[in-house]
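One structure, as structure tokens, below. Some questions next.
Within every chain, numbering begins at 1; the chains are lettered A, B, ... in the order of the sequence lines, protein sequences first and strands thereafter.
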There are 2 protein chains.
Amino acid sequence: MRNCIPLSLFMIVLAALCPISSQADEGMWLFSNPPAGILREKHGVELSQQWLEHAQKSAARMSTGGSAAFVSADGLVMTNHHVGMPALADLSTPESDLLETGFYAKTRELELKCPNLEMNVLWEVEDVTEQVKTAAPPGMPPADAHAERRETISVLESEYEKATGLDCQVVTLYGGERYHLYQYKRFTDLRLVMAPEKSIAFYGGDNDNFEYPRYALDVCFFRVYENDSPYHPEHYLSWSKTGVAEGDLVFVAGHPGHTQRHATVAHLAFMRDVEMPARMRDFWRREVQLQTLSARDDEFARIADGHLTGIQNARKAYTAIAAGLQDPVLMNRVAASEQRIRAAVEANPEYNNRWGGAWDDIAAARNRYREFYLRHRVGINSTLFGIATHLVRLAEELPKPSAQRLPEYADANLDALYRSLHSASPIYDELEIEQITSALSHMIDSFGGDDPFVKRALGDLSPRARAESLVLACTLKEVSVRKALAEGGAKAIAASDDPMIRFAADLDPEFRAWRKKCEDEVEAVERDAYARIASARFAIDGERIYPGATFTLRLAFGTVAGYSQLGQTVLPFTTFGGLYERAEARRGQKDYALPERWLKRKSRLDPDTPFNFVCTADIAGGNSGSPVINEDTEVVGLIFDVNAPCLAHYIAYADDDGRAIAVDARAIIAALDRVYRAKPLVAELLSR
Amino acid sequence: MRNCIPLSLFMIVLAALCPISSQADEGMWLFSNPPAGILREKHGVELSQQWLEHAQKSAARMSTGGSAAFVSADGLVMTNHHVGMPALADLSTPESDLLETGFYAKTRELELKCPNLEMNVLWEVEDVTEQVKTAAPPGMPPADAHAERRETISVLESEYEKATGLDCQVVTLYGGERYHLYQYKRFTDLRLVMAPEKSIAFYGGDNDNFEYPRYALDVCFFRVYENDSPYHPEHYLSWSKTGVAEGDLVFVAGHPGHTQRHATVAHLAFMRDVEMPARMRDFWRREVQLQTLSARDDEFARIADGHLTGIQNARKAYTAIAAGLQDPVLMNRVAASEQRIRAAVEANPEYNNRWGGAWDDIAAARNRYREFYLRHRVGINSTLFGIATHLVRLAEELPKPSAQRLPEYADANLDALYRSLHSASPIYDELEIEQITSALSHMIDSFGGDDPFVKRALGDLSPRARAESLVLACTLKEVSVRKALAEGGAKAIAASDDPMIRFAADLDPEFRAWRKKCEDEVEAVERDAYARIASARFAIDGERIYPGATFTLRLAFGTVAGYSQLGQTVLPFTTFGGLYERAEARRGQKDYALPERWLKRKSRLDPDTPFNFVCTADIAGGNSGSPVINEDTEVVGLIFDVNAPCLAHYIAYADDDGRAIAVDARAIIAALDRVYRAKPLVAELLSR
């Protein structure tokens with residue numbers, strides 16, 4: 001039910017496992033297992049327990065799919081503008097479009113409460129591998145083992161939640177080789193303090209996205225409140241007085257969403273041949289559709305803007321990942337690495353006995369998945385349909401014990417679910433109709449117009465006529481109606497004649513059946529197989545490996561460094577001066593016009609101020625909004641993007657030309673001070 | 001090897017057959033079988049033989065896929081700007097972009113020769129049904145019959161060409177029930193006289209395309225030369241002094257490209273479930289890709305512009321056609337109509353014996369086609385690859401007797417082929433690389449990265465690396481190299497180490513095999529079956545039926561009439577005043593800025609001058625550039641588009657809200673006179 005889905009959330013969370021790290025600046029490390037050896041050997045640095053705890057408890061995860069950090073004693077939170085964008089869109093109206101105008105609350109009374117935004121801070125971590133693993137004794141069929149583990153996880157989460165009062169989630173690491181229980185402090189009252197205009201936050205638009213050099217002030221600030229007062233965090237990051245220079249060591253504390261660095265060759269071939277074609281088709285279709293809608297008039301353009309940006313962002317990212325998968329050179333490299341481990345396993349009878357079949361199990365599961373991947377993936381990307389489905393499922397799931405429900409309806413997740421169900425975020429009929437029309441049309445494309453499921457979904461109407469009949473008469477646009485249905489349970493759902501409720505109730509058994517089939521025949525098998533491969537890797541390569549990304553807190557490190565591109569050196573820093581030069585060179589082009597304020601106040605800015613910079617830290621989608629900090633845990637930058645070569649790191653890291661891109665902390669202060677005249681905010685950031 | 005393919009050419013030319021006409025303004029009529037009855041009964045009009053001959057011999061077909069007409073005694077030709085656009089792009093350079101600036105040759109010496117443009121005028125028609133049909137005696141297997149007929153057609157074309165000196169083509173009408181031999185005068189020296197700026201010719205861009213009200217000056221003028229002197233046509237259209245009014249009867253003489261008005265239900269289901277999903281995916285992919293390329297810089301945007309416009313145009317058209325196919329209401333109507341004929345056939349034992357199995361034969365052929373449709377459709381949309389393939393095939397085909405070659409290499413077609421092979425139109429490496437990369441990537445999407453054909457196409461490289469290796473070293477950018485290879489035949493091809501030649505030679509056997517399979521197992525079967533259905537229709541419904549569109553000359557008629565849209569009346573005419581209002585309302589938006597000239601000279605224009613108008617004439621893609629004439633064969637307008645509801649006429653005509661859109665002849669004169677100060681051109685158009 002989120003309106004805008006940043007990159008990380010497009011990435012399916014299937015378990016993955018990461019390689020032994022070389023001495024490159026590689027790795028998304030657990031705070032409980034930092035890369036102490038590499039840091040010592042390569043950079044001569046030791047991180048203390050205090051250092052790690054301070055960084056961990058200052059960092060945060062945003063419900064819109066990105067990262068953030070506390071940056072003042074009064075609960076100020078810094079993240080990317082594009083991570084805050086769904087909240088900014090929610091707060092906008094046709095008369096007052098915050099994406100266009102930007103926003104700054106001169107006093108705390110003027111800070112704007114965000115109806116649909118929450119934030120989590122990782123507080124404690126408990127290793128529960130033993131409990132989870134013993135839930136499924138060896139020899140149990142994978143689907144049953146998966147169910148047993150899931151139930152154990154759900155019970156653990158509830159117990160810890162009751163005991164600690166914190167939000168608890170068990171995280172599957174190393175493809176299922178280890179399980180950690182993460183305890184989060186949750187914050188649900190966030191208020192907008194400052195956001196620049198989207199035109200400078202996303203300067204260069206989709207065109208410059210994933211490119212470098214860049215000139216973007218992709219930042220915004222919220223303040224966390226508790227009981228209507230600013231929250232005073234135990235930990236927050238101070239601002240660096242000096243900033244960074246080329247060659248400096250930096251750290252990134254954030255939440256990389258997903259990687260596939262040690263998917264098997266069979267799994268990657270599936271991604272290349274089945275998953276990517278379907279995803280790319282979906283992106284292309286939706287991008288063209290939203291552009292067409294946007295072109296109809298300014299109001300549609302405003303409504304569709306966040307969706308379109310999200311789609312273009314994801315399309316560009318997946319294009320790069322697909323290109324990696326389609327590159328025989330890269331695939332041969334992965335195959336060689338897989339072969340090394342398989343050979344070592346096969347050479348040792350005990351290893352072979354325990355882990356030898358894992359690769360074939362994955363290949364077999366993927367072969368089965370080929371047969372129903374499109375059926376499993378089919379869905380309807382509409383806010384109203386999402387609400388209706390949640391209401392239908394709530395009625396079905398709530399009567400069960402928490403541990404036996406679909407995980408998103410477990411007790412631990414209900415608060416978040418109700419918050420999103422009760423959100424007053426605006427819903428636009430025209431956009432809903434477009435999205436449902438498109439989804440129904442896509443079903444015909446995928447399965448044919450005579451398919452029984454498709455015919456049921458269409459109800460003898462054209463996709464457009466069906467979508468109109470569902471949306472125009474839908475009563476779920478009223479929050480009170482949703483509340484009544486959620487409270488009324490199965491009886492209320494059965495009695496409802498809302499067309500969207502009836503539609504969702506009619507289709508849901510099919511959606512659930514495919515989901516179950518995928519969980520039983522693919523996910524469960526692979527969970528088991530990837531855990532075995534991880535065990536083999538630990539046995540063969542030792543303990544110095546980091547787990548694949550899981551949209552949980554990780555520590556990355558790297559150096560501020562330029563790179564070479566088509567024979568040219570790309571310098572690590574850009575400047576305000578470069579921004580004004582680019583605006584001049586691109587005069588008259590979409591997404592390159594500077595906001596009025598930036599034109600008017602140009603002379604107040606030092607053209608040599610560093611604006612954006614790149615570093616070698618190993619990050620991924622989900623890291624958006626992560627603070628870049630120095631050895632003293634001071635803020636020196638704010639991650640907001642990667643360059644195109646870095647996108648293929650999804651499959652394999654290489655530090656030659658892939659780079660993480662950050663806003664320089666000095667540019668943030670200068671812009672707040674000179675362009676936005678936000679003196680109190682600057683003072684708050686610089687105070688200690 | 002055309003760079004830009006207008007709407008009509010996207011439509012596959014498979015036989016189709018049209019219904020008995022009601023008294024609606026329906027039909028794309030043969031000049032040899034005009035709708036005399038309807039015109040007499042509904043409009044009280046008789047068309048004389050002189051009228052028909054004059055209209056026929058004034059009308060023309062352009063090699064870029066549209067229509068046109070002679071409009072002066074000195075060989076002046078009028079067509080749409082978008083039909084002339086490939087020629088305008090060819091004549092443009094980074095320094096002088098005619099699409100941006102427009103063009104007007106004040107004197108004949110300044111007229112610009114178009115290197116790659118030709119035009120045909122239909123001069124005589126001969127019914128050769130008997131000869132073609134007797135080539136394949138009853139009972140012969142369809143594939144053999146198809147081959148026999150094709151050989152006979154080829155022989156007929158050659159013989160008539162020799163005898164008449166005209167360009168001869170046999171046209172299959174009524175789905176193969178009748179064959180007519182068309183004799184064309186061909187003109188190959190066309191020079192650009194006048195073209196407005198693309199910004200006014202395509203005002204509102206892709207956004208307003210297929211919409212109404214409209215404000216577009218989609219016109220341009222060429223002059224036909226012979227022996228370096230202006231050609232003096234025997235027939236040309238005079239200009240109307242008064243123009244048209246609401247309710248007036250008008251005629252359209254042009255070349256509708258393709259319709260599917262009586263495809264069987266099984267055939268339409270195939271289109272809906274197999275063909276459209278593949279086409280739409282292709283459009284979306286290419287549209288996003290070309291937009292991305294265009295965004296990189298202005299020069300790429302200029303290079304990609306024509307391609308992008310073509311893709312967006314086709315995507316929008318196919319979206320509407322797909323929506324028609326996905327509409328159960330429309331499909332049920334088609335099914336009922338099919339059922340009526342089938343029932344009448346089944347009720348008559350003689351009919352049933354002769355024609356009864358036709359519908360099932362088509363269903364069976366389409367079922368076979370489902371299995372290899374994607375293999376058959378696979379292709380590489382690149383100019384250099386197209387040239388290489390033609391050279392490879394020429395070497396293989398030329399040694400055979402003309403009638404046994406692939407039809408495009410028959411003697412009758414060689415001139416046009418050589419002209420296009422020898423064209424000096426610019427070829428852009430970057431665009432070629434993008435297109436080949438995309439095509440190779442699309443092959444992986446379709447068949448998987450481990451498919452043997454795909455692996456051969458990739459040659460162990462990534463799609464991008466393979467495309468670069470093929471394009472950068474390709475020698476075919478030099479016309480002289482192409483000439484040498486064409487002259488050198490099979491030996492030269494075998495000896496060539498040009499990477500693109502080797503690539504094309506390597507892949508071509510596969511492409512040819514799928515083509516042959518489709519011809520033998522689908523087209524031949526359907527040719528036969530559709531001819532039988534047409535015979536049944538003639539027997540049941542009588543002679544008053546028109547054939548489906550075949551990109552050959554047809555006469556349509558209709559009235560100037562507004563329509564109703566979402567409860568609002570849309571008036572038939574727009575005005576110059578409306579143009580300036582729209583420019584004001586859409587200020588700052590892409591594709592709505594007026595050219596400098598139009599802003600400066602606004603006061604010279606009468607705001608009440610009619611600009612565009614709509615009528616009920618039955619047209620289709622390919623009709624672009626058709627003259628709209630009155631009962632005195634005077635020019636009153638110029639067809640350039642249809643509105644969205646009209647796009648579904650591809651499957652079934654309805655005159656409720658589907659409309660053809662034309663530039664008003666009065667707007668053309670006023671703009672030439674007042675905005676472009678083209679007095680001599682105006683005088684030439686108005687002289688008789």
Side-chain angles (χ1 to χ4, degrees), chain A residues 204-208 268-269 272-274 276-278 280-281 283-289 291-292 294-298 301 312 315-316 319 322-332 437 440-442 444-451 455 458-465 586 589-591, chain B residues 204-208 268-269 272-274 276-278 280-281 283-289 291-292 294-298 301 312 315-316 319 322-332 437 440-442 444-451 455 458-465 586 589-591:
Chain A
D206 178 52
N207 190 23
D208 280 7
L268 290 178
R272 179 192 62 199
D273 297 342
V274 181
M276 288 294 153
M280 294 310 299
R281 179 174 66 164
F283 291 139
W284 295 325
R285 177 173 62 86
R286 291 171 63 195
E287 182 166 351
V288 169
Q289 172 209 4
Q291 281 180 329
T292 306
S294 296
R296 278 165 53 191
D297 72 31
D298 288 353
Q312 289 178 324
R315 182 260 303 159
K316 217 165 173 180
T319 300
L325 290 164
Q326 292 188 344
D327 184 353
V329 178
L330 186 149
M331 290 290 268
N332 290 339
T437 302
L440 292 171
S441 174
H442 181 61
I444 301 178
D445 280 0
S446 300
F447 313 117
D450 296 326
D451 178 82
K455 289 181 91 153
L458 285 174
D460 265 331
L461 295 171
S462 72
R464 173 98 198 167
R586 290 273 176 155
Q589 288 180 39
K590 188 172 169 288
D591 298 327
Chain B
D206 178 52
N207 190 23
D208 280 7
L268 291 178
R272 179 193 63 200
D273 297 342
V274 181
M276 288 294 152
M280 294 310 300
R281 180 175 65 166
F283 291 139
W284 295 324
R285 177 173 61 87
R286 291 172 62 195
E287 182 166 348
V288 169
Q289 173 209 6
Q291 281 180 329
T292 307
S294 295
R296 278 165 53 190
D297 71 32
D298 288 352
Q312 289 178 323
R315 182 260 303 160
K316 218 166 174 182
T319 301
L325 290 164
Q326 292 189 343
D327 184 355
V329 177
L330 187 149
M331 290 290 267
N332 290 340
T437 302
L440 293 171
S441 172
H442 181 61
I444 301 178
D445 279 0
S446 299
F447 312 116
D450 296 326
D451 178 83
K455 289 180 92 152
L458 286 174
D460 266 330
L461 295 172
S462 73
R464 173 98 198 165
R586 291 273 175 154
Q589 289 181 38
K590 188 171 169 287
D591 298 327

Which atoms of L325(A) approach chain B - backbone, side chain, both or neither, heavy atom under 4.5 Å |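 Contact with chain B involves no heavy atom of L325(A) at all.
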Which atom names give the shortest non-hydrogen contact between P277(B) and D445(A), and what distance separates them?
-> CG-OD1, 3.5 Å
Not counting sequence neighbours, which residues clear side chain to side chain donor-acceptor pair (under 3.5 Å) with D451(B)? List them please.
->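 Only R375(B) meet the side chain to side chain donor-acceptor pair (under 3.5 Å) criterion with D451(B).
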So, for P328(A) and S462(B), which heavy atoms are closest and what is the spacing to 0.1 Å?
->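 In terms of heavy atoms, the two residues are closest at CD-N, 3.6 Å.
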In terms of heavy-atom proximity below 4.5 Å to chain B, should Q289(A) be classed as side chain, backbone, both, or neither?
->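 Neither part, no heavy atoms under 4.5 Å.
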Give, for atom CZ of R285(A) and atom OG1 of T319(B), the distance between the pair rounded to the nearest 0.5 Å.
-> 11.5 Å
Answer with side chain, backbone, both or neither: which region of L440(B) has an atom nearer than 4.5 Å to a non-hydrogen atom of chain A?
->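 No part of L440(B) comes within 4.5 Å of chain A.
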Under 4.5 Å heavy-atom distance to chain A, tell me which part of R315(B) shows up: side chain, backbone, both or neither.
->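 The side chain, not the backbone.
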Considering only heavy atoms, which portion of Q589(A) lies under 4.5 Å from any heavy atom of chain B: side chain, backbone, both, or neither?
->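 Just the side chain, heavy atoms under 4.5 Å.
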Part of E287(B) lying under 4.5 Å from any heavy atom of chain A =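 Looking at E287(B), just its side chain touches chain A.
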Neighbour count >12 (heavy atoms, 6.0 Å) for atom CG, N332(A) |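 It does: N332(A) CG has more than 12 such atoms within range.
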Side-chain touch T437(B)/Q326(A), heavy atoms, less than 4.5 angstrom |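 Side chain of T437(B) against side chain of Q326(A), heavy atoms only: no contact under 4.5 Å found.
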Who are the side chain to side chain donor-acceptor pair (under 3.5 Å) partners of S446(B), not counting sequence neighbours?
->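 Counting only residues at least two positions away or on another chain, S446(B) forms a side chain to side chain donor-acceptor pair (under 3.5 Å) with R281(B).
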Quick one: of Q312(A), R586(A), H442(A), who has the most non-hydrogen atom pairs under 4.5 Å with chain B?
->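 Maximum pair count with chain B is reached by R586(A).
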Do the side chains of D450(B) and R272(A) get nearer than 4.5 Å, heavy atoms only?
->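 The answer is yes; the side chains approach within 4.5 Å.
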Which atoms of D208(B) come close to chain A, meaning under 4.5 Å heavy atom to heavy atom: side chain ones, backbone ones, both, or neither?
->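 No part of it gets close to chain A.
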Which bit of D591(A) is near chain B, if near means a heavy-atom gap under 4.5 Å: side chain, backbone, both or neither?
->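 Neither part, no heavy atoms under 4.5 Å.
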